[in-house]
Structure formats: structure tokens, C-alpha cells
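Every chain is numbered from 1 and lettered A, B, ... according to where its sequence line falls, protein lines coming before strand lines. All values reported here derive from a predicted model rather than from experimental measurement.
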Protein chains: 2
Amino acid sequence: MDERQVGGLNFQIDFSQPLYEQILDQFRSSIAKGEIDLGEKIPSVRELAQVLKINPNTVMRAYQELERDGLTEKRRGQGTFVTTSQEKVRQFRHQLAQEYIDAFIQHMENLGYTWADIEAYMKNKR
Amino acid sequence: MDERQVGGLNFQIDFSQPLYEQILDQFRSSIAKGEIDLGEKIPSVRELAQVLKINPNTVMRAYQELERDGLTEKRRGQGTFVTTSQEKVRQFRHQLAQEYIDAFIQHMENLGYTWADIEAYMKNKR
DNA sequence: TAAGTGTATTATATCACTTAATACACTTAG
DNA sequence: CTAAGTGTATTAAGTGATATAATACACTTA
């Protein structure tokens, strides 16, 4: 719906999900994929809010989550930076992947699918 | 959090999700797994609302979704019944499974995982 | 000192979800 | 025919998450 450039990043914002979750997910994705380098500065709260035309508080909420994820660190008066720890990024990726897998398997088993069924579906997809 | 028996079915209700979605998912699951026979009557809107101690309108919303799924049929003055079409149940299961798989793959690719990674994770799970 | 950082607070608005109280048309058991 | 049980519709109200708005404070750097 809405697409904006900021700091070399591509932002997609719509109304299908809470704004702060979309910002959160896109940073998570960018950092996990290495599209943002370790230690790199991300846009300031005010800048991103202005570019996306949303409220600074909403961006704040996303940034606080990012820090709880261990993906960013804040420096007073300077800004928000991607963690310099490759290990933290790896750990985060692995944990989130586990959650996705568990949720997926849970869903499939709720529908009465067996492991053989799931594998068959997966084979069709690749 | 809350567990209740009604018409041979087990109901789990909490506050982690909208109530109508929880009711919906549990009926979907029960029907897809064959825990409720084709053509069988499910509890009336009022009865289920009373047992679960929630509002009839909330149950109604779930039942309307169920019918949109093609899993139930309503008969005026009689009640709501599971469809007699095995084909509709199969179709529903397959469609929902596809959605779960697509969402899962989307998530994993957002985290930068490749197909080989996904397969490795899956192997660890079984 | 001024501008740019993150952060906190208070107030307001909107929307999804849920409840509540009724009412109506239909079907079935008596 | 009557009463009870069905699904359904309507209107009103309450709650919580989300988002906006306006403002202020402490810190850092040029």
C-alpha cells in the first residue's frame, strides 16, 4: 500500500497489521538477513516517523521490542544501532524459526495431518 | 484456562485470542479430524453460549464463519449440522493446509532461511 | 549553545471484540 | 394450536489495543 525509502531500507506499510509490528518485523528481517550490517545505525525515531508519516510513539514501540529481542542497542543522544554480536543475531533467528515451526506443526496436527502428509505437502512446494 | 464439556466435545477457552476464533478453530479441527461425524448436529447457539458462559452473539459469529467454510449447514428451527459432504471437508482441510504452509515458508524466508535450512529444521522435529 | 538523540507523560480517538436486551420467523413436540 | 427450541437481526454499551497529538526532559555532539 505504502512504500518508502529510508537509510537504504525499503519499508512497506499497510493496515493489515499493527504498524509497530510491521516496523518490527521488517527490521527483524533486515537484520537477520544481514541487509543491515552489525553495529550500523538505524533511522532515529523521529526520522522514521516522519518518513512513514506515523507517530513517533509508534516507532518507539517497535524499537523497544527490537532491543528486547537483543537485536539493537541504544546510545543516549546518539541513536539506535544494530548489535555488534553476530551470536545474538544467530540466536534470535534460531529462536524465531523454532516458534514458526512449532506453530506450523501445531496447526497441521490440529487439522489431523500426519508427518507423512506434511512432508508430502512440503515436497510439492519446493 | 477454562475447559468444558458439551455434546461430547472438549472446549478450551482463554483470553489469548478472540473467543469466536477459538470456537471456530476447535470446530474446524474437530470436523477435519472426524471427531464429529458428517451430518451430526452441533450445539445450539444458545446452549453453547450458556455452557461457555459467553454471549450468544459471539457463538453466532463463529457459526457463521463455519458455514462460510462450507463445514456446516443450518436448518431453520432445527439447528446447525456438520455438512454431509466428505468432499467439502477434504477441500477445506487442503485449502487451510496450503495457507499454513505458505505463511510458514513466507516467515522462514523473511528470516533469510533457504529451503535446505527449512528441511534441516523439519528433520530435527520429527 | 543548538540541534539531534531516546524517553516519558497525558489526553484523545478509533476500531475490534464482547456483552446485553430484545425481537422475529421457523420447526417440532405436546 | 401452543410452547419450547431453533437461527437471525438490531440497537446500545463497555473494554482494551492501537495510534495520534502535544509536550517535556536528559543526554550527546558539533
Tell me which one of A:Asp69, A:Asp37, A:Leu71 satisfies side-chain contact (heavy atoms from CB on, under 4.5 Å) with A:Ile31.
A:Leu71
When rounded to whole Å, the CG to C1' distance for the pair B:Leu52 and C:dC17 reads 16 Å
Can you measure A:Ile13 atom CD1 to D:dT20 atom P for me and round it to whole angstrom units?
10 Å
Choosing from C:dT18, D:dT6, C:dT19, which nucleotide comes nearest the side chain of B:Ile54?
C:dT19
Would you verify whether the NZ or CZ of B:Arg28 falls within 45 degrees of the ring axis of B:Phe92 while also being under 6.0 Å from that six-membered ring's centre?
no
Out of C:dG6, D:dA21, C:dC17, which has the shortest distance to the side chain of B:Pro18?
C:dC17
Euclidean distance, atom CG of residue A:Asn57 to atom C1' of C:dT12 [Å, nearest integer]:
13 Å
Counting side-chain heavy atoms from C-beta on, which of D:dG7, C:dT18, C:dT7 comes nearest to B:Tyr20?
C:dT18
Roughly, in whole Å, what's the span from CD in A:Gln22 to P in D:dT18?
12 Å
Against the side chain of B:Met60, the closest entry in C:dG6, D:dA19, D:dG7 is D:dG7
Counting the atoms with a prime plus P, OP1 and OP2 as sugar-phosphate, which does A:Arg61 contact under 4.0 Å by heavy atoms, base, sugar-phosphate, or nothing?
sugar-phosphate
So what's D:dA30 paired with, Watson-Crick or G-U wobble, going by both distances under 3.5 Å?
C:dT1
For the pair made of CG in A:Leu66 and P in C:dG6, what is the distance, rounded to whole Å?
12 Å
If you pin A:Arg75 and B:Gly79 to their nearest nucleotides in DNA chain D, which one's is more 5'?
B:Gly79
G-U wobble or Watson-Crick pairing nucleotide for C:dA25 (cut-off 3.5 Å, both distances):
D:dT6
Taking A:Phe81's backbone N and O only, do any of them form a donor-acceptor pair with A:Arg75's side chain (distance below 3.5 Å, no angle check)?
no
Looking at A:Gln98 and B:Lys125, what are the two nearest heavy atoms and their distance?
OE1-CE, 3.2 Å
Heavy-atom donor-acceptor pair, B:Gln26 side chain to B:Gln12 backbone, under 3.5 Å:
yes
Side-chain N or O of A:Thr80 less than 4.0 angstrom from OP1 or OP2 on C:dT5?
no
Phosphate-side-chain proximity, B:Lys74 and D:dT6, N/O vs OP1/OP2 below 4.0 Å:
no
Atom CD1 of B:Ile23 and atom P of C:dT18: how far apart are they, to the nearest Å?
8 Å
Given D:dG7, D:dC27, C:dT27, the nucleotide with the shortest approach to the side chain of B:Arg76
C:dT27
Parallel under 30°, tilted from 30 to 60°, perpendicular over 60°: which one fits the rings of B:Tyr121 and A:His94?
tilted
Could you tell me whether the phosphate oxygens of C:dA8, OP1 or OP2, come under 4.0 Å of any side-chain nitrogen or oxygen in A:Gln64?
yes
Whether the side chain of A:Arg46 and the base of C:dG4 hold a donor-acceptor pair under 3.5 Å is what I'd like checked.
no
Without decimals, in angstroms, what is the distance between B:Glu21 CD and C:dC17 P?
7 Å
Want to settle it: does B:Thr58 or A:Gln78 sit nearer the 5' end of DNA chain C, counting the closest nucleotide to each?
A:Gln78
Return the value, rounded to whole Å, for the distance between atom CD of B:Gln50 and atom C1' of D:dG7.
17 Å
OP1 or OP2 of C:dT5 versus the side-chain N and O atoms of A:Ser44: is any pair under 4.0 Å?
yes
